[in-house]
Amino acid sequence: MPTLDTCLRSGLAGMWLAYASAAVAQPAAPITPPAQAQTQTEIQAPQTRPRWPISNLLFTSFRGSGDGLHLSFSEDDGRTWQDMGKVFLKPALGSGLMRDPHLTRGPDGVFRLVWTTGWKDKGIGYAASTDLVNWSQQTYLPFFEGVDGTHNAWAPETFYDEATGQYVITWSSDIDGRFAEARSDERMNNRTYYVTTKDFETFSAPKLLIDPGFDHIDTTLIKDGERYIAVFKEGDRQASQQWGAIRWAVADTVLGPYRLMPNPLVSGQRAEGPTLRTQDGKTRLYVDYYADGRYGVFETTDWVNWADVSAEVTVAKGQRHGTVLSAPAWLVREMETAKPSGTPVTVVPAPPAALDGFTADPSIRVFGDTYYIYPTSDKPNWQTTDFSVWSSKNLVDWKREAMILDVANDLGWGKIQAWAPDAIERDGTYYFYFCAEGNIGVATSKSPTGPFVDALGKPLLAKGTGIETNTIDPYPFIDEDGQAYLYYGNGRLGNVVKLKRDMITVDGPVMTIELKDHREGPVVFKRNGQYYFMWSIDDARSPNYRVGWGVAESPLGPVVTPDKDFIVLQRNGPAVGTAHHSVVNVPGTDRWYVAYHRHALPEGGGYQRQTVLARMEFNPDGSIRPMDPMVVPFKPGDVGEPIVNGRGRIAP
């Protein structure tokens with residue numbers, strides 16, 4: 001149990017909380033890692049509700065004539081849906097309705113909701129949220145208010161186009177004087193229109209997106225490989241009971257032109273409101289049998305052969321025209337018990353990732369005039385086999401240099417689970433420490449960009465070498481007196497060994513350091529004569545994965561932790577799982593930055609993460625100020641932190 005102890009330095013009097021058992025690191029005999037120190041190799045046993053599912057599915061809906069946003073969720077790949085039993089957003093603009101609600105989540109972690117506000121409105125509704133519970137002020141987007149003869153603006157949807165970095169908003173409108181050759185007394189004459197936007201504040205002028213030659217509504221877009229597919233409902237001829245088919249068209253770009261495909265997807269049935277979900281090579285089409293109060297569901301792998309799986313799917317009672325989308329499982333669980341406040345909030349987007357693709361456990365270092373990040377290259381279920389390095393001259397612009405070590409082919413003792421690397425330079429040689437199959441290895445190179453070669457032909461620290469820990473997450477540190485240390489661990493205790501001058505030989509027994517709530521990812525650096533220790537807490541798959549810290553007068557501890565602001569990096573808004581970090585100092589300055597990972601956006605989790613940067617600052621007494629993962633370290637146009645003649649720039 002923790003007890004109060006004296007502080008390490010008079011300037012920090014009364015501020016720190018220490019563990020009585022946190023004595024100077026002592027040698028101890030290795031023991032079996034505790035059961036609670038779960039490693040990344042462990043797979044949870046099947047349960048009714050898995051502890052760490054990556055995502056669930058959500059289905060938007062409305063009730064009656066359009067009372068507001070309803071949501072149901074599925075934990076079994078969209079076969080069984082459960083209503084959440086609440087209205088998450090009530091309409092407050094246009095004609096006061098919310099029909100056909102469509103949700104999408106962008107790479108900034110913001111959910112964008114658009115909906116039909118009324119049968120005869122000429123614009124649509126818009127609101128944003130990061131948690132689907134608290135929403136921005138609702139905004140009426142009057143796309144066709146100034147266009148004479150407009151009868152409606154129905155079933156809007158939003159599609160994020162990765163190729164252009166913009167959103168495409170689509171909807172259906174019937175406008176007098178247009179497409180006269182297709183006008184009929186039996187049905188309306190809708191076409192699909194669109195605008196584009198990057199910020200939902202400024203929009204392009206509305207343009208025609210799809211004209212298949214007939215009335216149609218409810219257009220939804222999906223990217224299928226290199227092509228874009230639009231699925232929509234042909235208008236009904238209700239007087240003669242000729243029900244419009246669910247049809248599709250194909251284009252090479254999201255803005256078309258779209259080519260109508262000859263064969264309908266669903267025909268001869270009163271179906272509307274198509275929504276699509278693709279996963280693992282299979283596309284599922286949901287349609288609303290609006291006259292029967294039920295849903296139809298069809299599956300395909302090639303868009304030619306479709307299987308009717310309606311009997312295998314149970315939607316929530318009362319489900320109406322909506323959208324199927326993926327959402328983090330932790331968010332869905334929190335939504336179940338959350339109570340919408342109804343008070344508008346300011347929605348803040350998450351900062352962009354520093355590196356492209358899915359990366360984690362970033363080690364950030366500076367060698368010469370260049371910064372480097374050595375991360376884990378995320379692959380499904382942490383089954384990673386290789387390491388790469390990124391470089392930057394200013395911490396703003398990052399370039400992937402090369403693969404520097406392929407454990408599947410370059411090692412004789414480990415082929416997979418390539419995790420949590422780090423690098424350090426000594427005497428002109430770069431030493432690369434890494435994990436493979438629960439071991440810690442070391443490789444060398446004459447360049448920070450590799451390639452690196454296994455230095456020993458065996459692990460530096462074999463699996464099981466440690467005290468109440470698992471042998472992962474190495475962090476090298478060379479003190480001012482020249483002594484090198486390698487910190488590591490995943491478990492209750494931090495572990496450390498001394499290294500000989502050659503950096504590839506362990507010098508003495510494993511020692512332990514007590515670290516409050518320690519889980520993994522130790523980081524050690526020195527500032528103003530004091531040793532700072534930082535580490536990650538909780539499971540990497542948890543949204544509450546976070547960073548704690550403490551200080552010591554020795555690189556071997558004891559480490560004392562503050563009773564205020566012990567946690568200095570934790571979740572905020574869409575930025576969650578914010579930990580497993582490292583620290584870099586801009587040479588010749590007292591400016592510090594942290595590289596850490598978060599769960600990837602828009603869809604990610606503990607197995608799919610992104611590397612992000614944050615500025616780390618200190619209080620006058622030397623304590624670390626909490627960092628906000630929603631604050632960008634650099635604004636557009638910033639020069640960043642270039643290094644000239646071995647020093648960073650003079651701060652303005």
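The structure presented is a predicted model; accordingly, all values stated were derived computationally and were not measured.
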TODO: Indicate yes or no: does D369 engage K393 in a salt bridge with an N to O separation below 4.0 Å.
DONE: yes
Open item on the list: Apply ring pair (Phe, Tyr, Trp, His ring centres under 6.0 Å) to residues F367 and Y430 and explain how you reach the verdict.
Closed with: CA-CA 10 Å; F367 300 127; Y430 296 87; 5.0 Å; yes
- [ ] Using the salt bridge (charged side-chain N to carboxylate O under 4.0 Å, His left out) rule, collect all pairs that involve residues 439-449, keeping only residues at least two apart or in two chains.
- [x] none
Task: No-hydrogen, no-angle side-chain donor-acceptor test under 3.5 Å, S447 and T449 - done: yes
Open item on the list: Using 30° and 60° as the class boundaries, would you call the ring planes of W413 and F434 parallel, tilted or perpendicular?
Closed with: parallel
Open item on the list: Can you tell me if K458 has over 12 outside heavy atoms packed within less than 6.0 Å of its NZ?
Closed with: no
Task: Partner residues of R501 under the salt bridge (charged side-chain N to carboxylate O under 4.0 Å, His left out) criterion, sequence neighbours left out - done: D427
TODO: Please tell me if the side chains of P562 and W549 come closer than 4.5 Å, counting only heavy atoms from C-beta onward.
DONE: yes
Task: T376 versus T384, side-chain donor and acceptor atoms under 3.5 Å - done: no
Task: Any side-chain heavy-atom pair of N394 and V639 under 4.5 Å - done: no
Task: Geometric class of the F618/F525 ring pair [parallel <30°, tilted 30-60°, perpendicular >60°] - done: perpendicular
TODO: Answer yes if the side chains of Y431 and E425 hold a donor-acceptor pair under 3.5 Å, and no otherwise.
DONE: no
Task: Pair S542-D539, side-chain donor/acceptor within less than 3.5 Å - done: no
Task: R571 NZ/CZ over W330 ring centroid, <6.0 Å and within 45° of normal - done: yes
Task: Distance-only donor-acceptor check, side chains Y545 and E520, under 3.5 Å - done: yes
Task: Ring-face cation of R365 near Y374 (centre distance under 6.0 Å, axis angle within 45°) - done: no
Task: Distance flag, aromatic centroids of F387 and F432, threshold under 6.0 Å - done: yes
Open item on the list: I'd like to know if R400 pairs up with D356 as an ion pair, taking the criterion as any Lys NZ or Arg NE/NH1/NH2 lying under 4.0 Å from an Asp or Glu carboxylate oxygen.
Closed with: no
- [ ] May I ask you to decide if the ring planes of W419 and W382 are parallel, tilted or perpendicular, using 30° and 60° as cut-offs?
- [x] perpendicular
TODO: State, with a plain yes or no, whether a side-chain heavy atom of Y596 is found less than 4.5 Å away from one of V547.
DONE: no
TODO: Quick one: list whatever passes ring pair (Phe, Tyr, Trp, His ring centres under 6.0 Å) with F477, sequence neighbours left out.
DONE: none
- [ ] Answer yes or no for K516 and F566: cation-pi contact, defined as NZ/CZ to six-membered ring centre under 6.0 Å and angle to ring axis within 45°.
- [x] yes
